[in-house]
Amino acid sequence: MGLSAGAAAAAYGWWEKDQFTLRRETVSILPPGARPLRVLHLSDIHFVPSQTAKARWLASLANLQPDLVVNTGDNLSHLDAVVPLLETLRPLLRFPGVFVPGSNDYYAPVKKNPAAYLLGPSSRRPLPRRVELDWRRLFTGFGAAGWLNLTNRSQSMNLNGVRFDFSGVDDPHLRRERYADWPRGASGHQDRPHVKVAVIHAPYQRVLDHFSDAGADLILAGHTHGGQICLPGYGALVSNCDLPTWRAKGLTEWENNGHAVPLNVSGGIGTSRFAPIRIACRPEAALLTLAPRT
């Protein structure tokens, strides 16, 4: 009976990993009177060249006509994934975009028990010998399309007459974050308000606290896979970092020192190719409508 139940769960998890969904949220952070903006948040694609269903779905997201694409890392899950991923994302690369990397942009995944994440965050376990991926080619491809690299950097962008100030970090899961502060002049003026957006891969509390203290209006992150294997009616068992599990996916508010910041954590689009299942946690992209403050 136990083996049959395990096989059924594995079969369901294999099916669910390809049941792609779009989560829609509204965040009121724009200046009064500004036109709403649509931000497509992608994370944890973990692309493998043979994933045709995922490729078709990703390309179809261009039909949403986003004003901005934000990619919060872990794009790869195979040594040969860079070229087919860039081809898949070509329809989206024509829109303005920003990105930061995750550990699986730098290093190939390794074979492991699909439930090994229950032992705690992967950074706490012994690291196997790591195989470097062609992250330079990936970054170059994104940059050639005009997407801004926010790896320990800050940049500004004008969208529909509103100045957006972005600040991003390298992957906190690898402890590579170095804070670049905000772009010069990001404090703004009453007649030219700015919107500050922090972009990270792994939502560790130390990083969320930093950006909250720094005055971010919105924080975007990924990494958690929404828990990947969840209990129906309960949710994520782990977040693969120190983020509380109830925040492992979705739009919440991160509160620190009396300041609350909207935090969107993507449930992710893929999985490691060595743990290709999802249970009660369908893969997702998020479409955030940024609306004026009331």
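Only a predicted model underlies this, so the values are computations on that prediction, with no experimental measurement involved. Both backbone and side-chain heavy atoms feed into the values below; hydrogens, waters and symmetry mates do not.
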Is there a side-chain contact between [X] and [Y], using heavy atoms and a 4.5 Å cut-off?
X	Y	result
I277	K17	no
V69	F99	no
P101	D171	no
V261	F211	no
L92	L42	yes
L220	L288	yes
V169	H201	no
H210	E177	no

Give me the atom names and distance for the closest heavy-atom approach of [X] to [Y].
X	Y	result
L93	L86	CD1-O, 4.0 Å
A9	I279	O-CD1, 3.8 Å
A34	V162	CB-CG2, 4.0 Å
V39	L290	CG2-CD1, 3.7 Å
E132	Y107	CA-CD2, 4.1 Å
S28	P292	CB-O, 3.6 Å

**Asked** Got a sec, which pairs hit ring pair (Phe, Tyr, Trp, His ring centres under 6.0 Å) with one end in residues 227-259, sequence neighbours left out?
**Response**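 The answer is none; no pair qualifies.
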
Taking [Y]'s backbone N and O only, do any of them form a donor-acceptor pair with [X]'s side chain (distance below 3.5 Å, no angle check)?
X	Y	result
Q228	C281	no
D74	N104	yes
R278	D18	no
R273	S77	yes
S167	V197	no
K249	G235	no
E16	A280	yes
D105	G73	no
N149	F142	no
D242	Q205	yes

**Item:** The single option from K196, H194, Q155 passing side chain to side chain donor-acceptor pair (under 3.5 Å) against D165
**Value:** H194

**Asked** What orientation do F20 and W57 show, parallel under 30°, tilted 30 to 60°, or perpendicular over 60°?
**Response**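 Aromatic pair F20/W57 classed parallel.
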
**Request:** Hey, can you tell me if Y204 and H223 have their rings parallel, tilted or perpendicular (30° and 60° cut-offs)?
**Result:**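 It falls in the tilted class, 30° to 60°.
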
For [X], is the [atom1] atom crowded, meaning more than 12 foreign heavy atoms sit under 6.0 Å from it?
X	atom1	result
R206	CZ	yes
W15	CH2	yes
R293	CZ	yes

Same cluster or not: are [X] and [Y] linked, directly or through other Ile, Leu, Val, Met, Phe, Trp or Tyr residues, by side-chain heavy atoms under 4.5 angstrom apart?
X	Y	answer
W147	M157	no
L58	L76	yes
L30	V98	yes
L37	L22	no
V83	F47	no

**Prompt:** Just by distance, with hydrogens left out, do H225 and T271 show a side-chain donor and acceptor under 3.5 Å apart?
**Reply:** no

**Item:** Check: T252/R247 side-chain N/O donor and acceptor closer than 3.5 Å
**Value:** yes

Distance, nearest 0.5 Å, that separates [atom1] of [X] from [atom2] of [Y]:
X	Y	atom1	atom2	result
L148	F164	CG	CZ	13.0 Å
L85	Q51	CG	CD	10.0 Å
S154	Y179	OG	OH	14.0 Å
E253	I219	CD	CD1	11.0 Å
D44	I269	CG	CD1	8.0 Å
I45	T72	CD1	OG1	9.0 Å

**Asked** What's the verdict on side-chain contact (heavy atoms from CB on, under 4.5 Å) for I200 and L208, showing C-alpha distance, side-chain angles and the deciding distance?
**Response** CA-CA 9 Å; I200 62 180; L208 300 178; 3.8 Å; yes

**Request:** Please list, chain by chain and in numerical order, all residues satisfying side chain to side chain donor-acceptor pair (under 3.5 Å) with N160, sequence neighbours excluded.
**Result:** none

**Request:** Decide yes or no on side-chain contact (heavy atoms from CB on, under 4.5 Å) for L251 and N264, but give the supporting numbers first.
**Result:** CA-CA 4 Å; L251 179 66; N264 189 70; 3.9 Å; yes

**Asked** So V48 and K54, side-chain contact (heavy atoms from CB on, under 4.5 Å) or not? Walk me through it.
**Response** CA-CA 9 Å; V48 173; K54 182 188 290 184; over 6 Å; no

**Request:** Please assess D170 against T151 for the test side-chain hydrogen bond (donor to acceptor under 3.5 Å, both in side chains), listing each intermediate value before the final yes or no.
**Result:** CA-CA 5 Å; D170 207 341; T151 308; 5.5 Å; no

**Request:** Determine the sole option in V199, N152, N71 for which the side chain to side chain contact (heavy atoms under 4.5 Å, CB included) test with V100 is passed.
**Result:** V199

